[in-house]
Number of protein chains: 2
Amino acid sequence: MNNTDSGRKRILDSAAFILRTKGLGAARLSEIAQGAGMLAPSIYHHFKSKDELVEHVMLAGIYNNTRHIVAKVEVLGPETPPAERLRAAIIAHVEFLLSGDDFSSAVARVFDDLPGEMKQRVLAAYATFDNYWRDLLVAASPAGNDGQRTVARKLMIAMLDSCPTWYRAGRLSPTQIANQAADLFLKGFL
Amino acid sequence: MNNTDSGRKRILDSAAFILRTKGLGAARLSEIAQGAGMLAPSIYHHFKSKDELVEHVMLAGIYNNTRHIVAKVEVLGPETPPAERLRAAIIAHVEFLLSGDDFSSAVARVFDDLPGEMKQRVLAAYATFDNYWRDLLVAASPAGNDGQRTVARKLMIAMLDSCPTWYRAGRLSPTQIANQAADLFLKGFL
DNA sequence: GTCTATAATCAGATAGAC
DNA sequence: GTCTATCTGATTATAGAC
């Protein structure tokens, strides 16, 4: 985010950062505006309401994160074993979250707190992300049953999504944490 | 929670349920009061402020949950291997969350969103809980290093704490989910 | 496209009767 | 111990100048 970005982009970036940092309940339009170098009413030139702004952040976070993961997995050769594809996806997800992408971290932080009807709409976009993981788990463990794989997927995503809340730059790198998370889950799941 | 409980207890129970269900940002005193069979201003006879009420719910949740886990672990004989103690703790934690204890679920749901100074105070109580897990992990994996065990603990707690957000009564029982989570983590960690 | 000024709303909190 | 009535403050949102 820099001064030459359009007002709309600066608002979105600032909102993602605030949502990721403070959560939905504590996110103030005035603070989002300040981060974008303007005052609160100016936001309404770009977005119809606070809810609409939040929804845009969620959709962008889900879309970018899914695209990043899929790209990292699909670059692997067609002979790559399913477990390796799953490993690549886990590492891509954690590295994306810890790389400082505020949009994906905002989704991880705020998704559960979204108001009812917005949640339904965001959930529709989230299904692409969720189904991709589902397919990776099915491929990696074809002998398992759906119920257990669903539980494993929920546990895995919660585990990975938590990283931005406790990670602090320093001793361990994002890559190290991503690899540890992948080892932990794959050893446990397979 | 029933009609013969004291007003204070009914308020705490209702607050725990609302916090667990809607999160901190959407928790309204009017709704908490309604769940306790009274109107919002009556809450102030029992609590000084909304924040004080929330803090009591957090402290009760942490205290009860910790006590429950410790009891389930310490009942095991002194010859019990550390890995089995850790397994018992994981199962106890998940079963407690999924048994319908609104206080521990409220902590899992709302902890990250607490306002600054309250978070510090709640964190002091949370340390007892967190340190107990730390010691269980150290005992179960004495060869590991602190950094990796800390990451493993954070990942594990996030994974277990997520259960109330996605669990729905039906196909799988709390005990089945608890056992699957324990298998997943122990196989991955050890 | 951003500002100043202000409206509209809503939730937490207080006063005082019963 | 709970109620009705009210206050206060904060925050989203609008109107209109520049």
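Being a predicted model, the structure only gives us computed values, none of them experimental. Atom set for the values below is all heavy atoms of this structure, side chains included, hydrogens, waters and symmetry mates excluded. Here is the naming used below: chain letters follow the sequence lines, and residue numbers restart at 1 for every chain.
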Quiz item: Which pairs, with at least one residue in residues 58-68 of chain A and sequence neighbours excluded, count as a side chain to side chain donor-acceptor pair (under 3.5 Å)?
Solution: A/N65-A/H93
Pairs under 3.5 angstrom only: tabulate donor-acceptor contacts from the side chains of residues 140-147 of chain B to other protein residues two or more places apart or in another chain.
from, atom 1, to, atom 2, distance (Å)
B/N145, OD1, B/G147, N, 2.9
B/N145, OD1, B/Q148, N, 2.9
B/N145, ND2, B/Q148, OE1, 3.4
B/D146, OD1, B/R149, NH2, 2.8

Quiz prompt | Counterpart residues, side chain to side chain donor-acceptor pair (under 3.5 Å), relative to A/S49 (two or more places apart) | solution = none
Quiz item: Which parts of residues 16-26 of chain B get close to DNA chain D, meaning a heavy atom less than 4.0 angstrom away?
Solution: none
Quiz item: Can you tell me if the side-chain N/O atoms of B/H45 get under 4.0 Å from OP1 or OP2 in D/dT2?
Solution: no
Quiz item: If only side-chain N and O atoms of A/R10 are considered, is one of them under 4.0 Å from the OP1 or OP2 phosphate oxygen of C/dT2?
Solution: yes
Quiz prompt | Contacts of type side chain to side chain donor-acceptor pair (under 3.5 Å), residue A/E52, not counting sequence neighbours | solution = none
Self-check item: Partners meeting side chain to side chain donor-acceptor pair (under 3.5 Å) with B/N131 (sequence neighbours left out)
Solution: B/R134
Self-check item: nucleotides 3-18 of chain C: protein proximity per nucleotide (B base, S sugar-phosphate only, - neither; heavy atom, under 4.0 Å)
Solution: BBB-----SSBB----
Sequence neighbours excluded and cut-off under 3.5 Å, please list the side-chain donor-acceptor pairs for residues 23-47 of chain B, or say none.
from, atom 1, to, atom 2, distance (Å)
B/R28, NH2, B/G25, O, 3.3
B/E31, OE2, B/K22, NZ, 2.9
B/S42, OG, B/L39, O, 3.4

Exercise. Could you state the atom-to-atom distance from CD of A/E31 to P of D/dT11 in whole Å?
Key: 10 Å
Quiz prompt | Length of the CD1-C1' vector between A/I11 and D/dA13, whole Å | solution = 14 Å
Self-check item: Ring-ring centroid check B/Y132 B/F129, cutoff 6.0 Å
Solution: no
Quiz item: Under the side chain to side chain donor-acceptor pair (under 3.5 Å) test, which residues partner A/D51, sequence neighbours left out?
Solution: none
